[in-house]
Participant: 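Quick one: the structure is below, questions incoming.
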2 protein chains.
Amino acid sequence: MNRMRIGDLTERAGVTQRTVRYYESIGLLPSGEREGNGHHYYTEETVARLQKIDQLKKVGLSLEDIRDVIELYFTDTSGVLPKRKVLGILRQHLADTDQKLEALGQFRSDLQSNIERFERWLEANDGD
Amino acid sequence: MNRMRIGDLTERAGVTQRTVRYYESIGLLPSGEREGNGHHYYTEETVARLQKIDQLKKVGLSLEDIRDVIELYFTDTSGVLPKRKVLGILRQHLADTDQKLEALGQFRSDLQSNIERFERWLEANDGD
DNA sequence: TGCAAACATGACGTTAACGTCATATTATAT
DNA sequence: ATATAATATGACGTTAACGTCATGTTTGCA
(Lines give C-alpha, C1' and ligand atoms only; values in the text may rest on other atoms or scores of the structure.)
Protein backbone atom coordinates (compact mmCIF):
# COMPACT_ATOMS: atom_id res chain seq x y z
CA MET A 1 0.00 0.00 0.00
CA ASN A 2 1.65 3.17 -1.17
CA ARG A 3 0.23 6.63 -0.92
CA MET A 4 -1.60 6.54 2.37
CA ARG A 5 -2.91 9.12 4.73
CA ILE A 6 -1.96 9.61 8.32
CA GLY A 7 -4.43 7.10 9.72
CA ASP A 8 -2.94 4.15 7.88
CA LEU A 9 0.56 5.45 8.41
CA THR A 10 0.26 5.57 12.17
CA GLU A 11 -1.39 2.18 12.31
CA ARG A 12 1.36 0.59 10.28
CA ALA A 13 4.16 2.33 12.14
CA GLY A 14 2.68 1.97 15.59
CA VAL A 15 2.85 5.63 16.52
CA THR A 16 0.27 8.31 17.12
CA GLN A 17 -0.76 11.12 14.81
CA ARG A 18 0.61 13.56 17.33
CA THR A 19 3.98 11.91 17.06
CA VAL A 20 4.01 12.14 13.29
CA ARG A 21 3.07 15.81 13.34
CA TYR A 22 5.61 16.50 16.02
CA TYR A 23 8.34 14.82 14.02
CA GLU A 24 7.32 16.83 10.98
CA SER A 25 7.41 20.01 13.00
CA ILE A 26 11.00 19.45 14.12
CA GLY A 27 12.15 18.36 10.70
CA LEU A 28 12.74 14.74 11.57
CA LEU A 29 10.17 13.52 9.13
CA PRO A 30 9.52 15.17 5.75
CA SER A 31 6.00 16.58 5.69
CA GLY A 32 3.98 14.38 3.43
CA GLU A 33 3.04 16.24 0.31
CA ARG A 34 -0.22 18.10 0.53
CA GLU A 35 -2.85 17.79 -2.11
CA GLY A 36 -5.11 20.70 -2.96
CA ASN A 37 -7.27 19.77 -0.01
CA GLY A 38 -4.65 20.16 2.66
CA HIS A 39 -4.27 16.52 3.57
CA HIS A 40 -0.85 14.94 3.80
CA TYR A 41 0.05 11.77 1.95
CA TYR A 42 2.75 9.32 2.92
CA THR A 43 4.49 6.29 1.46
CA GLU A 44 6.06 3.04 2.56
CA GLU A 45 9.28 4.89 3.12
CA THR A 46 7.64 7.01 5.75
CA VAL A 47 6.65 3.85 7.58
CA ALA A 48 10.19 2.53 7.42
CA ARG A 49 11.51 5.85 8.56
CA LEU A 50 9.28 5.90 11.60
CA GLN A 51 10.35 2.40 12.47
CA LYS A 52 13.99 3.33 12.14
CA ILE A 53 13.46 6.31 14.39
CA ASP A 54 11.93 4.00 16.94
CA GLN A 55 14.90 1.67 16.78
CA LEU A 56 17.32 4.50 17.28
CA LYS A 57 15.34 5.81 20.21
CA LYS A 58 15.74 2.44 21.88
CA VAL A 59 19.46 2.86 21.43
CA GLY A 60 19.14 5.89 23.64
CA LEU A 61 19.50 8.58 21.02
CA SER A 62 17.57 11.82 21.33
CA LEU A 63 15.46 12.98 18.43
CA GLU A 64 18.13 15.56 17.76
CA ASP A 65 20.80 12.88 17.59
CA ILE A 66 18.59 10.90 15.29
CA ARG A 67 18.20 13.84 13.00
CA ASP A 68 21.99 13.78 12.63
CA VAL A 69 22.06 10.27 11.28
CA ILE A 70 18.66 9.34 9.92
CA GLU A 71 19.46 10.58 6.43
CA LEU A 72 22.19 7.99 6.16
CA TYR A 73 19.55 5.33 6.15
CA PHE A 74 17.23 6.86 3.62
CA THR A 75 18.99 9.02 1.12
CA ASP A 76 21.67 8.55 -1.42
CA THR A 77 24.44 10.31 0.42
CA SER A 78 26.52 10.93 -2.67
CA GLY A 79 25.97 14.60 -3.15
CA VAL A 80 23.47 15.64 -0.61
CA LEU A 81 25.31 16.39 2.59
CA PRO A 82 28.39 18.34 3.58
CA LYS A 83 30.45 15.21 3.88
CA ARG A 84 33.28 16.16 6.17
CA LYS A 85 30.93 17.62 8.71
CA VAL A 86 28.78 14.53 8.69
CA LEU A 87 31.86 12.39 9.09
CA GLY A 88 32.78 14.35 12.19
CA ILE A 89 29.33 13.86 13.65
CA LEU A 90 29.44 10.16 12.91
CA ARG A 91 32.79 9.75 14.61
CA GLN A 92 31.47 11.55 17.65
CA HIS A 93 28.46 9.26 17.73
CA LEU A 94 30.75 6.28 17.42
CA ALA A 95 32.82 7.41 20.38
CA ASP A 96 29.70 8.06 22.44
CA THR A 97 28.36 4.68 21.49
CA ASP A 98 31.51 2.92 22.58
CA GLN A 99 31.32 4.66 25.94
CA LYS A 100 27.75 3.58 26.35
CA LEU A 101 28.55 0.04 25.34
CA GLU A 102 31.25 -0.19 27.94
CA ALA A 103 29.13 1.29 30.71
CA LEU A 104 26.24 -0.93 29.77
CA GLY A 105 28.44 -4.01 29.71
CA GLN A 106 29.74 -3.21 33.17
CA PHE A 107 26.24 -2.71 34.45
CA ARG A 108 25.16 -5.99 32.93
CA SER A 109 27.88 -7.87 34.71
CA ASP A 110 27.02 -6.18 37.99
CA LEU A 111 23.43 -7.21 37.55
CA GLN A 112 24.44 -10.73 36.69
CA SER A 113 26.57 -11.21 39.76
CA ASN A 114 23.92 -9.73 42.01
CA ILE A 115 21.34 -12.04 40.54
CA GLU A 116 23.56 -15.01 41.13
CA ARG A 117 24.18 -13.94 44.67
CA PHE A 118 20.45 -13.73 45.32
CA GLU A 119 19.82 -17.06 43.70
CA ARG A 120 22.40 -18.71 45.87
CA TRP A 121 20.88 -17.15 48.93
CA LEU A 122 17.39 -18.30 48.03
CA GLU A 123 18.66 -21.77 47.35
CA ALA A 124 20.43 -21.91 50.69
CA ASN A 125 17.35 -20.70 52.57
CA ASP A 126 14.76 -22.88 50.94
CA GLY A 127 12.42 -23.14 53.90
CA ASP A 128 11.57 -19.45 53.83
CA MET B 1 37.27 13.98 54.85
CA ASN B 2 34.23 12.54 56.52
CA ARG B 3 31.28 14.49 57.86
CA MET B 4 30.96 17.25 55.36
CA ARG B 5 28.21 19.68 54.45
CA ILE B 6 26.58 20.07 51.13
CA GLY B 7 29.15 22.44 49.70
CA ASP B 8 32.02 19.98 49.94
CA LEU B 9 29.80 17.11 48.95
CA THR B 10 28.74 18.67 45.69
CA GLU B 11 32.26 19.73 44.87
CA ARG B 12 33.60 16.26 45.42
CA ALA B 13 30.79 14.55 43.57
CA GLY B 14 30.55 17.01 40.72
CA VAL B 15 26.86 17.73 41.05
CA THR B 16 24.85 20.75 42.13
CA GLN B 17 23.14 21.33 45.42
CA ARG B 18 19.85 21.28 43.62
CA THR B 19 20.60 17.80 42.37
CA VAL B 20 21.39 16.55 45.85
CA ARG B 21 18.22 18.01 47.29
CA TYR B 22 16.20 16.64 44.42
CA TYR B 23 17.63 13.17 44.93
CA GLU B 24 16.85 13.40 48.61
CA SER B 25 13.32 14.49 47.83
CA ILE B 26 12.64 11.45 45.67
CA GLY B 27 14.30 9.08 48.07
CA LEU B 28 17.25 8.26 45.90
CA LEU B 29 19.70 9.63 48.40
CA PRO B 30 19.24 9.37 52.15
CA SER B 31 18.84 12.83 53.63
CA GLY B 32 22.01 13.60 55.49
CA GLU B 33 21.34 13.71 59.20
CA ARG B 34 20.38 17.10 60.52
CA GLU B 35 22.01 18.62 63.52
CA GLY B 36 20.09 20.83 65.86
CA ASN B 37 20.69 23.69 63.48
CA GLY B 38 18.95 22.22 60.49
CA HIS B 39 22.01 21.64 58.36
CA HIS B 40 22.60 18.33 56.70
CA TYR B 41 25.82 16.40 57.05
CA TYR B 42 27.14 13.82 54.61
CA THR B 43 29.92 11.25 54.44
CA GLU B 44 32.26 9.65 51.92
CA GLU B 45 29.58 7.13 51.18
CA THR B 46 27.30 9.87 49.96
CA VAL B 47 29.99 10.93 47.51
CA ALA B 48 30.37 7.37 46.25
CA ARG B 49 26.64 7.03 45.97
CA LEU B 50 26.33 10.15 43.87
CA GLN B 51 29.09 8.90 41.61
CA LYS B 52 27.39 5.55 41.22
CA ILE B 53 24.16 7.26 40.33
CA ASP B 54 25.99 9.20 37.68
CA GLN B 55 27.47 6.03 36.22
CA LEU B 56 24.09 4.39 36.07
CA LYS B 57 22.59 7.42 34.40
CA LYS B 58 25.16 7.10 31.65
CA VAL B 59 23.97 3.56 31.19
CA GLY B 60 20.63 5.05 30.29
CA LEU B 61 18.74 4.26 33.46
CA SER B 62 16.13 6.64 34.80
CA LEU B 63 16.35 7.78 38.39
CA GLU B 64 13.47 5.48 39.12
CA ASP B 65 15.34 2.53 37.64
CA ILE B 66 18.36 3.50 39.65
CA ARG B 67 16.34 3.52 42.81
CA ASP B 68 15.55 -0.12 42.10
CA VAL B 69 19.17 -1.18 42.11
CA ILE B 70 21.25 1.38 43.97
CA GLU B 71 20.85 -0.37 47.31
CA LEU B 72 22.65 -3.38 45.91
CA TYR B 73 25.79 -1.32 45.76
CA PHE B 74 25.63 0.19 49.19
CA THR B 75 23.89 -1.99 51.67
CA ASP B 76 24.38 -5.41 53.04
CA THR B 77 21.56 -7.12 51.22
CA SER B 78 21.34 -10.03 53.59
CA GLY B 79 18.26 -9.10 55.52
CA VAL B 80 17.17 -5.76 54.24
CA LEU B 81 15.09 -6.27 51.17
CA PRO B 82 12.24 -8.51 50.11
CA LYS B 83 14.53 -10.78 48.18
CA ARG B 84 12.30 -12.47 45.68
CA LYS B 85 10.84 -9.19 44.55
CA VAL B 86 14.25 -7.68 44.07
CA LEU B 87 15.34 -10.71 42.15
CA GLY B 88 12.43 -10.22 39.77
CA ILE B 89 13.35 -6.59 39.25
CA LEU B 90 16.96 -7.50 38.62
CA ARG B 91 16.03 -10.09 36.03
CA GLN B 92 13.86 -7.56 34.27
CA HIS B 93 16.71 -5.08 34.25
CA LEU B 94 18.99 -7.75 32.87
CA ALA B 95 16.62 -8.49 30.02
CA ASP B 96 16.24 -4.80 29.26
CA THR B 97 19.97 -4.39 29.33
CA ASP B 98 20.50 -7.22 26.89
CA GLN B 99 18.02 -5.62 24.52
CA LYS B 100 19.82 -2.33 24.76
CA LEU B 101 23.17 -3.95 24.23
CA GLU B 102 21.96 -5.61 21.09
CA ALA B 103 20.39 -2.47 19.68
CA LEU B 104 23.43 -0.44 20.56
CA GLY B 105 25.73 -2.97 18.95
CA GLN B 106 23.73 -2.90 15.78
CA PHE B 107 23.79 0.87 15.75
CA ARG B 108 27.52 0.85 16.28
CA SER B 109 28.09 -1.36 13.30
CA ASP B 110 25.82 0.82 11.16
CA LEU B 111 27.82 3.84 12.19
CA GLN B 112 31.06 2.09 11.47
CA SER B 113 30.11 1.08 7.96
CA ASN B 114 28.78 4.53 7.19
CA ILE B 115 32.00 6.08 8.41
CA GLU B 116 34.00 3.78 6.24
CA ARG B 117 31.87 4.60 3.27
CA PHE B 118 32.43 8.30 3.81
CA GLU B 119 36.13 7.82 4.26
CA ARG B 120 36.40 5.94 1.01
CA TRP B 121 34.46 8.66 -0.74
CA LEU B 122 36.67 11.42 0.62
CA GLU B 123 39.76 9.48 -0.33
CA ALA B 124 38.51 8.99 -3.86
CA ASN B 125 37.63 12.68 -4.26
CA ASP B 126 40.75 14.19 -2.84
CA GLY B 127 40.73 17.31 -4.95
CA ASP B 128 37.50 18.58 -3.40
C1' DT C 1 -27.55 14.47 -0.15
C1' DG C 2 -26.72 13.78 4.57
C1' DC C 3 -23.80 12.46 8.23
C1' DA C 4 -20.43 9.96 10.82
C1' DA C 5 -15.45 9.12 10.46
C1' DA C 6 -10.97 11.00 9.19
C1' DC C 7 -7.91 14.88 8.93
C1' DA C 8 -5.70 19.74 10.04
C1' DT C 9 -4.34 23.14 13.23
C1' DG C 10 -3.86 25.53 17.54
C1' DA C 11 -3.48 25.70 22.30
C1' DC C 12 -2.84 24.09 26.69
C1' DG C 13 -1.32 20.04 29.75
C1' DT C 14 2.27 16.52 31.39
C1' DT C 15 6.57 14.05 33.17
C1' DA C 16 11.50 13.89 34.27
C1' DA C 17 15.30 16.03 35.99
C1' DC C 18 16.78 19.45 37.25
C1' DG C 19 17.88 25.32 36.87
C1' DT C 20 17.12 29.73 38.83
C1' DC C 21 15.62 33.19 41.79
C1' DA C 22 14.02 34.92 46.41
C1' DT C 23 14.20 34.92 51.19
C1' DA C 24 15.47 33.56 55.73
C1' DT C 25 18.65 31.48 58.97
C1' DT C 26 23.30 29.79 60.34
C1' DA C 27 28.40 29.81 60.11
C1' DT C 28 32.73 32.01 59.72
C1' DA C 29 36.47 35.35 59.17
C1' DT C 30 38.09 39.86 60.71
C1' DA D 1 30.40 42.30 66.74
C1' DT D 2 29.47 42.47 62.14
C1' DA D 3 29.93 41.79 57.42
C1' DT D 4 30.26 37.96 54.18
C1' DA D 5 29.71 33.24 52.91
C1' DA D 6 27.20 28.94 53.28
C1' DT D 7 22.89 26.54 53.94
C1' DA D 8 17.55 25.57 53.99
C1' DT D 9 13.24 25.95 51.90
C1' DG D 10 9.78 27.38 48.63
C1' DA D 11 8.25 28.61 44.30
C1' DC D 12 8.42 29.30 39.62
C1' DG D 13 10.99 28.29 35.08
C1' DT D 14 12.88 24.97 31.45
C1' DT D 15 13.60 21.22 27.83
C1' DA D 16 12.18 17.00 25.49
C1' DA D 17 8.73 14.42 23.65
C1' DC D 18 4.83 14.02 23.26
C1' DG D 19 -0.82 13.74 25.28
C1' DT D 20 -5.25 15.75 25.21
C1' DC D 21 -8.86 18.91 24.04
C1' DA D 22 -11.33 22.02 21.01
C1' DT D 23 -12.75 23.44 16.63
C1' DG D 24 -13.19 23.47 11.81
C1' DT D 25 -12.79 21.18 7.14
C1' DT D 26 -12.79 16.83 4.13
C1' DT D 27 -13.90 12.23 2.92
C1' DG D 28 -16.41 8.18 2.37
C1' DC D 29 -20.59 5.58 2.63
C1' DA D 30 -25.80 4.73 2.88
Side-chain angles (χ1 to χ4, degrees), chain A residues 1-43 46-47 49-70 93 96 100, chain B residues 1-43 46-47 49-70 93 96 100:
Chain A
M1 180 205 316
N2 229 341
R3 190 158 200 73
M4 44 188 142
R5 294 185 312 183
I6 199 167
D8 293 325
L9 174 66
T10 57
E11 187 180 352
R12 306 259 329 260
V15 301
T16 71
Q17 302 194 0
R18 185 62 173 88
T19 299
V20 170
R21 301 222 169 88
Y22 178 63
Y23 287 177
E24 288 178 350
S25 83
I26 64 171
L28 185 52
L29 208 65
S31 304
E33 15 215 312
R34 309 169 192 96
E35 302 273 290
N37 43 33
H39 288 180
H40 293 210
Y41 286 82
Y42 307 87
T43 77
T46 321
V47 177
R49 206 171 172 113
L50 282 170
Q51 286 165 347
K52 193 44 135 177
I53 291 174
D54 218 58
Q55 278 180 41
L56 296 179
K57 277 180 56 182
K58 285 178 185 156
V59 164
L61 296 191
S62 70
L63 296 185
E64 206 182 329
D65 288 339
I66 295 177
R67 210 171 28 187
D68 285 349
V69 302
I70 188 78
H93 276 295
D96 293 353
K100 279 191 196 174
Chain B
M1 182 204 319
N2 229 342
R3 191 160 199 71
M4 43 188 143
R5 294 185 311 187
I6 199 168
D8 293 324
L9 173 66
T10 57
E11 187 181 350
R12 306 258 329 261
V15 303
T16 71
Q17 303 195 358
R18 185 63 173 87
T19 298
V20 170
R21 302 225 167 86
Y22 178 61
Y23 288 178
E24 288 177 351
S25 82
I26 64 172
L28 184 52
L29 208 64
S31 303
E33 13 211 315
R34 309 171 192 94
E35 302 274 292
N37 43 36
H39 288 180
H40 293 210
Y41 287 81
Y42 307 88
T43 76
T46 322
V47 177
R49 207 173 170 111
L50 281 170
Q51 285 163 349
K52 191 46 131 178
I53 291 174
D54 217 59
Q55 278 180 39
L56 296 179
K57 278 181 55 182
K58 284 179 185 154
V59 164
L61 297 191
S62 69
L63 296 186
E64 206 182 331
D65 289 338
I66 294 176
R67 212 171 26 188
D68 285 349
V69 302
I70 188 77
H93 276 296
D96 292 352
K100 279 193 198 174

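Each chain gets a letter, A, B and so on, in the order its sequence line appears, and its residues count up from 1.
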Participant: Nearest whole angstrom, please: distance from the P of D:dA6 to the CD of B:Glu11.
Facilitator: 10 Å
Participant: Round to the nearest Å and state the distance from A:Arg67 atom CZ to D:dA16 atom P.
Facilitator: 10 Å
Participant: Here's a test of your reading of the structure: between B:Gln17 and A:Tyr42, which maps to the more 5' nucleotide of DNA chain C?
Facilitator: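 Nearer the 5' end of the strand: A:Tyr42.
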Participant: Strictly below 4.0 Å: does A:Tyr23 bring a side-chain N or O up to OP1 or OP2 of D:dC18?
Facilitator: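 For A:Tyr23, the contact criterion (side-chain N or O under 4.0 Å from OP1 or OP2 of D:dC18) is met.
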Participant: For the side chain of B:Ile6, counting heavy atoms from C-beta on, which of D:dT7, D:dT9, D:dA17 is nearest?
Facilitator: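 Out of D:dT7, D:dT9, D:dA17, the nucleotide with an atom closest to B:Ile6's side chain is D:dT7.
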Participant: Any side-chain N or O of A:Thr16 under 4.0 Å from OP1/OP2 of D:dC18?
Facilitator: no
Participant: Tell me: CG of B:Leu61 to C1' of C:dA17, nearest whole Å?
Facilitator: 15 Å
Participant: Is any side-chain heavy atom of B:Leu50 closer than 4.5 Å to one of B:Tyr23?
Facilitator: yes
Participant: I need the OH-P distance between A:Tyr22 and C:dT14, as an integer number of Å.
Facilitator: 18 Å
Participant: Name the residue from A:His39, A:His40, A:Gln17 that meets the side-chain contact (heavy atoms from CB on, under 4.5 Å) definition with A:Ile6.
Facilitator: A:Gln17
Participant: Which nucleotide sits closest to the side chain of A:His40: C:dA8, C:dT28, C:dA17?
Facilitator: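 Nearest to the side-chain atoms of A:His40, counting from C-beta on, is C:dA8.
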Participant: Quick one: label A:Tyr41 by what it contacts on the DNA or RNA (base, sugar-phosphate, nothing), any heavy atom closer than 4.0 Å.
Facilitator: nothing
Participant: B:Arg5 CZ to C:dA27 P: how many Å, rounded?
Facilitator: 8 Å
Participant: From the list D:dT7, D:dT20, C:dA8, which nucleotide is the closest neighbour of the side chain of B:His39?
Facilitator: D:dT7
Participant: If you check every side-chain atom of B:Thr19, which of C:dC7, D:dT7, C:dG19 has the closest atom?
Facilitator: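 Looking only at side-chain atoms, B:Thr19 lies closest to C:dG19.
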Participant: Can you tell me the distance, in whole Å, between the CG atom of A:Leu28 and the C1' atom of D:dC18?
Facilitator: 13 Å
Participant: Taking everything shown except B:Gln51 itself, do over 12 heavy atoms lie less than 6.0 Å from its CD?
Facilitator: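 Yes, enclosed.
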Participant: Between C1' on D:dT7 and CD on B:Glu24, what's the gap in Å once rounded to a whole number?
Facilitator: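 It is 12 Å, rounded to the nearest whole Å.
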Participant: Considering only C:dC18, D:dA8, D:dG28, which nucleotide approaches the side chain of B:Lys57 most closely?
Facilitator: C:dC18
Participant: How do A:Asn37 and A:Arg18 order along DNA chain D: which one's closest nucleotide is nearer the 5' end?
Facilitator: A:Arg18
Participant: Quick one: does B:Arg49's side chain have a donor or acceptor within less than 3.5 Å of a partner on B:Pro30's backbone?
Facilitator: no
Participant: If you take atom types as modelled and just measure distance, does the side chain of B:Arg21 reach the base of D:dT9 with a donor-acceptor pair under 3.5 Å?
Facilitator: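 When only heavy-atom distances are counted, B:Arg21 does not reach the base of D:dT9 through any donor-acceptor pair under 3.5 Å.
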Participant: Take atom CD1 of A:Ile26 and atom C1' of D:dA17, then tell me their distance rounded to the nearest Å.
Facilitator: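 Atom CD1 in A:Ile26 sits about 8 Å away from atom C1' in D:dA17.
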Participant: Could you tell me if B:Lys58 and B:Gln55 have a donor-acceptor pair between their side chains, going purely by distance under 3.5 Å?
Facilitator: no
